[in-house]
Amino acid sequence: VILFTTFSQAASIQVGVTGQIAQIEADGTETTGAGANGAANTNSASADHTVPIASFFAEYTSDYYGITFGAEFIPSSADVSDKVVTRSDTETSVTSDNTANSDERIFKAQASVENYMVGYAEIPVYNSMYLRLGIAQIDVNTEEVASSNGGNYGNETLDGINYGIGFKGEVADGVEMKIALEHNDFDTLSLTSTGNSV
């Protein structure tokens with residue numbers, strides 16, 4: 001994440017807003033059940049999306065080596081992929097149907113992230129340069145569209161680590177600017193679909 005920040009300052013407490021360019025990247029694998037007489041099937045895909053976002057934050061700069069403690073929140077949401085992923089399957093059997101089937105089923109997959117929150121510490125290292133380390137959390141919403149009697153995966157909240165490097169300094173009386181490069185590494189998301197045909 002490339003981060004441009006301006007904020008107002010009162011003593012050692014700062015509050016403000018940020019403008020950011022976020023690069024979202026994800027890799028996923030779906031494994032279907034084998035069923036009674038079938039075979040398991042695995043599909044994999046990668047996704048990425050670049051989006052502009054804004055956040056709110058509050059910080060406290062301590063007297064202990066100038067370490068800053070803060071919290072940041074992004075109220076908006078963003079798609080994980082810049083396009084909807086589509087797959088076509090042929091359904092050969094249906095629950096409670098003893099006849100052979102050859103129905104085409106179209107699946108559309110997308111996911112979004114929202115409610116990003118992070119608590120962090122920024123440690124000065126040289127002049128205006130600092131290192132950042134924090135604990136982050138984000139909501140992942142699956143937005144798949146299953147045809148016929150396909151299942152749904154639901155949503156989940158993930159925890160992660162936030163770290164980065166940046167520069168900050170005063171540009172006017174009571175106003176500071178921060179420029180930083182940050183990375184968020186979240187836990188692996190594992191979901192099991194419900195509502196599927198046997």
Side-chain angles (χ1 to χ4, degrees), residues 1-28 45-85 110-143 155-191:
V1 177
I2 300 176
L3 171 66
F4 302 90
T5 307
T6 60
F7 53 77
S8 60
Q9 181 176 1
S12 57
I13 299 175
Q14 300 89 34
V15 294
V17 296
T18 74
Q20 307 179 26
I21 301 297
Q23 175 69 36
I24 304 170
E25 297 179 352
D27 297 300
S46 298
D48 63 83
H49 197 194
T50 301
V51 292
I53 53 179
S55 72
F56 302 97
F57 73 92
E59 295 180 343
Y60 168 74
T61 302
S62 70
D63 294 331
Y64 186 72
Y65 296 102
I67 297 176
T68 296
F69 300 94
E72 182 182 356
F73 174 66
I74 299 176
S76 59
S77 64
D79 290 335
V80 173
S81 175
D82 59 359
K83 61 183 181 297
V84 177
V85 179
Q110 176 61 290
S112 64
V113 291
E114 64 178 355
N115 297 327
Y116 171 83
M117 297 180 288
V118 59
Y120 58 87
E122 293 176 347
I123 304 170
V125 291
Y126 182 74
N127 291 336
S128 60
M129 181 186 295
Y130 67 89
L131 298 178
R132 170 162 159 157
L133 180 64
I135 299 175
Q137 189 176 81
I138 199 167
D139 293 336
V140 180
N141 303 317
T142 62
E143 300 172 359
N155 306 320
E156 188 63 85
T157 298
L158 298 180
D159 297 321
I161 300 297
N162 168 266
Y163 55 91
I165 186 171
F167 299 87
K168 59 183 175 182
E170 190 172 27
V171 295
D173 186 23
V175 177
E176 293 193 13
M177 182 179 71
K178 181 190 297 182
I179 300 176
L181 177 65
E182 297 175 19
H183 181 79
N184 290 282
D185 189 4
F186 289 99
D187 295 338
T188 299
L189 174 63
S190 179
L191 298 171

Output all residues satisfying side chain to side chain contact (heavy atoms under 4.5 Å, CB included) with [X], sequence neighbours left out; order by chain, then residue number.
| X | value |
| --- | --- |
| S76 | I53, I74 |
| D159 | Q137, D187 |
| Y65 | I67 |
| I165 | M129, L131 |

Would you name the heavy atoms of [X] and [Y] that are closest together and state the gap between them?
| X | Y | answer |
| --- | --- | --- |
| I13 | Y60 | CG1-CD1, 4.0 Å |
| Y120 | A58 | OH-O, 4.2 Å |
| P124 | G66 | CG-O, 3.4 Å |
| A136 | N162 | CB-CB, 4.4 Å |

Query raised in the report: For residues S112 and D79, is any side-chain donor paired with an opposing acceptor at under 3.5 Å?
Result: no
Requested in this report: Quick one: list whatever passes side-chain hydrogen bond (donor to acceptor under 3.5 Å, both in side chains) with N141, sequence neighbours left out.
Outcome: E114
Report summary line: Those residues at least two apart in sequence (or on a different chain) that pass side-chain hydrogen bond (donor to acceptor under 3.5 Å, both in side chains) with T61 are Q14, T68
Query - Plane angle bin for Y163 and H183 - parallel if under 30°, tilted between 30 and 60°, otherwise perpendicular - result: tilted
